[in-house]
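Taking it in order: structure first as structure tokens, then the write-up.
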Number of protein chains: 2
Amino acid sequence: MISNTDSSEALAQRLSDSGLRSTPQREVIYNVLLKRRDHPTAEEVFARAKPEMPMISLATVYNCLEALVQCDLVRTVNFERGPTRYCPNLHPHAHFHDTKTGATHDVELPEGLIDQVKSILPPGFEASSVEIIFRGQAHATSTNPTP
Amino acid sequence: MISNTDSSEALAQRLSDSGLRSTPQREVIYNVLLKRRDHPTAEEVFARAKPEMPMISLATVYNCLEALVQCDLVRTVNFERGPTRYCPNLHPHAHFHDTKTGATHDVELPEGLIDQVKSILPPGFEASSVEIIFRGQAHATSTNPTP
DNA sequence: GGATTTACTTAGAATGATTCTCATTCCTAG
DNA sequence: CTAGGAATGAGAATCATTCTAAGTAAATCC
């Protein structure tokens, strides 16, 4: 289990690597994301951060999320024109958007899949990233937690 | 070469199959999309339609595009939070977003790739669609037209 | 250690894309 | 031919996000 202090220090490190400062607001925001990895929107993050830090403003939430994205601790996901959602970045993964419930699930990518997909690009195209989004329905089989 | 009349009739057919009417506005909008397949935004479509139909309104452009999407003649593409872009739907294809120029290129998908990508889904996940977005730079090799 | 620059936060205004409202016009079926 | 549902057009409204300005805090320089 990762202690709060560990993630704080990792956060501070990552931020300063990108020339950014560690602040109480950024820690709170990051912890909110780590606590429930359900791809919340900025508004949802705002709502979850408020109990911990009642004076925090929505603009700051956006700023902090942006900072976390900058230092590669967090990734953004967009479905159509819906609000941007945020997930703390672990492995390379795709997203599954359940059109029935609106939930977003991470889908682990097997080793090499990204390279294989990249290989379909015609000559002259250099992809720095590949995003894969599934849309459909997730029928809960046994236990299926998206922590 | 597809004549204007052919595409008009195909359009009328597709629309009525979805319980929608064929209208002059919808024809103009569809033709605008067919003429330059550069993934224009609604505003761009609006600008291109105006010379043909000066009274058309932006709301109607949105309505028409929505109608075309409904009857599967047009597909939407979204990059981050940028405005929605529209492409007349041919084969299944991925999109390559050139981060330098902002241009969008269609990337044909080899037979079976989509199924293969779908096969990485854990049990219980039924994907009705898969979207693949590349980001990077396209270095023009020989001729490379995205009409 | 104090001054100064620089980054960060905040609240609210501003923006941009899209949707909504509603009056009007157009088809289409009866 | 006429009633009723669709589609259009103009502008207002909405929603997510960004910008602005003013105030704070933290790091650097002397």
Side-chain angles (χ1 to χ4, degrees), chain A residues 8 11-30 32 39-50 52-71 73-74 76-86 102 104, chain B residues 8 11-30 32 39-71 73-86 102 104:
Chain A
S8 278
L11 171 62
Q13 189 55 57
R14 276 300 190 78
L15 284 167
S16 81
D17 286 354
S18 303
L20 300 164
R21 290 180 192 165
S22 183
T23 69
Q25 287 84 348
R26 287 173 183 177
E27 285 191 19
V28 167
I29 298 302
Y30 188 46
V32 161
H39 306 83
T41 64
E43 291 277 2
E44 286 165 347
V45 172
F46 182 43
R48 294 177 199 178
K50 259 185 169 166
E52 303 251 350
M53 190 175 264
M55 286 298 288
I56 198 167
S57 81
L58 181 56
T60 301
V61 172
Y62 275 103
N63 289 343
C64 292
L65 289 170
E66 170 61 20
L68 295 171
V69 169
Q70 290 276 291
C71 66
L73 281 172
V74 168
T76 60
V77 207
N78 286 95
F79 299 119
E80 274 82 56
R81 294 237 91 229
T84 299
R85 297 173 170 280
Y86 298 84
T104 302
Chain B
S8 279
L11 171 60
Q13 188 56 58
R14 277 301 190 76
L15 284 167
S16 81
D17 287 354
S18 303
L20 300 165
R21 292 182 190 162
S22 182
T23 69
Q25 287 83 349
R26 286 173 181 175
E27 285 191 19
V28 167
I29 297 304
Y30 188 46
V32 160
H39 306 82
T41 64
E43 291 276 2
E44 285 165 348
V45 171
F46 182 44
R48 292 177 200 179
K50 259 186 170 166
E52 304 251 349
M53 191 174 264
M55 286 297 289
I56 199 168
S57 82
L58 181 56
T60 300
V61 171
Y62 275 102
N63 289 343
C64 292
L65 289 169
E66 171 61 19
L68 295 171
V69 169
Q70 291 275 290
C71 66
L73 281 171
V74 168
R75 208 170 122 181
T76 59
V77 207
N78 286 94
F79 299 119
E80 273 84 57
R81 292 238 93 228
T84 299
R85 296 173 170 280
Y86 298 85
T104 302

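From a predicted model like this one, the values you see are computed outputs, not experimental measurements. In the text below, chain A, chain B and the rest are named by the order of the sequence lines, each starting its count at 1.
- Residue pairs meeting the side-chain hydrogen bond (donor to acceptor under 3.5 Å, both in side chains) criterion with at least one member in residues 46-55 of chain B, sequence neighbours excluded: B:Asp38-B:Arg48.
- Between A:Thr23 and D:dA26 there is no side-chain N or O to OP1 or OP2 distance below 4.0 Å.
- Between B:Asn63 atom CG and D:dA10 atom C1' the separation is 13 Å, expressed in whole Å.
- Distance from the side chain of B:Thr84 is smallest to C:dT18 among C:dT18, D:dA6, D:dG9.
- OP1 or OP2 of C:dT10 has at least one side-chain nitrogen or oxygen of A:Thr60 nearer than 4.0 Å.
- A distance-only check finds a donor-acceptor pair linking the side chain of A:Arg81 to the backbone of B:Arg81 [under 3.5 Å].
- We find that CG of B:Leu15 is positioned 14 Å from P of D:dA6, with the value rounded to whole Å.
- The separation between B:Glu66 atom CD and D:dG9 atom P is 17 Å, rounded to whole Å.
- The two residues B:Phe79 and B:Thr104 have their closest heavy-atom pair at CE1-OG1, 3.2 Å.
- One can place CE of B:Met55 at 15 Å from C1' of C:dC26, the figure rounded to the nearest angstrom.
- Between A:Leu58 and A:Arg26, the residue anchored nearer the 5' end of DNA chain C, judged by the nucleotide with its closest heavy atom, is A:Arg26.
- Here B:Ile29 contributes atom CD1 and B:Thr60 contributes atom OG1; the two are 8.5 Å apart, rounded to the nearest 0.5 Å.
- What separates CD of B:Glu27 from P of C:dC27 is a distance of 12 Å, to the nearest Å.
- Remark: P of C:dT18 and CG of B:Leu65 are 10 Å apart, rounded to the nearest angstrom.
- When rounded to the nearest whole Å, the span between CD of A:Glu80 and P of C:dT19 equals 11 Å.
- Across the protein-nucleic acid pair, B:Gln25 atom CD and C:dC26 atom C1' stand 10 Å apart, rounded to whole Å.
- Of all non-hydrogen atoms in A:Arg26 and A:Leu11, the two that sit nearest each other are O-CD2, 3.9 Å.
- When the side-chain nitrogen and oxygen atoms of B:Arg81 are compared with OP1 and OP2 of D:dT17, one or more of them lie within a distance under 4.0 Å.
- Taking a 4.0 Å limit (strictly below) on heavy-atom distances, residues 40-54 of chain B does not reach DNA chain C anywhere.
- Closest of all the heavy-atom pairs between A:Val45 and A:Pro40 is CG2-CG, 3.7 Å.
- Of all heavy-atom pairs between B:Leu58 and B:Phe46, the closest is N-CE1, 3.5 Å.
- For B:Ile56 and A:Pro83, each mapped to the nucleotide of DNA chain D holding its nearest heavy atom, the one lying further toward the 5' end belongs to B:Ile56.
- Residue A:Tyr62 places at least one side-chain N or O closer than 4.0 Å to OP1 or OP2 of D:dT17.
- With D:dA6, C:dC8, C:dA11 as the candidates, the nucleotide lying closest to the side chain of A:Arg21 is C:dC8.
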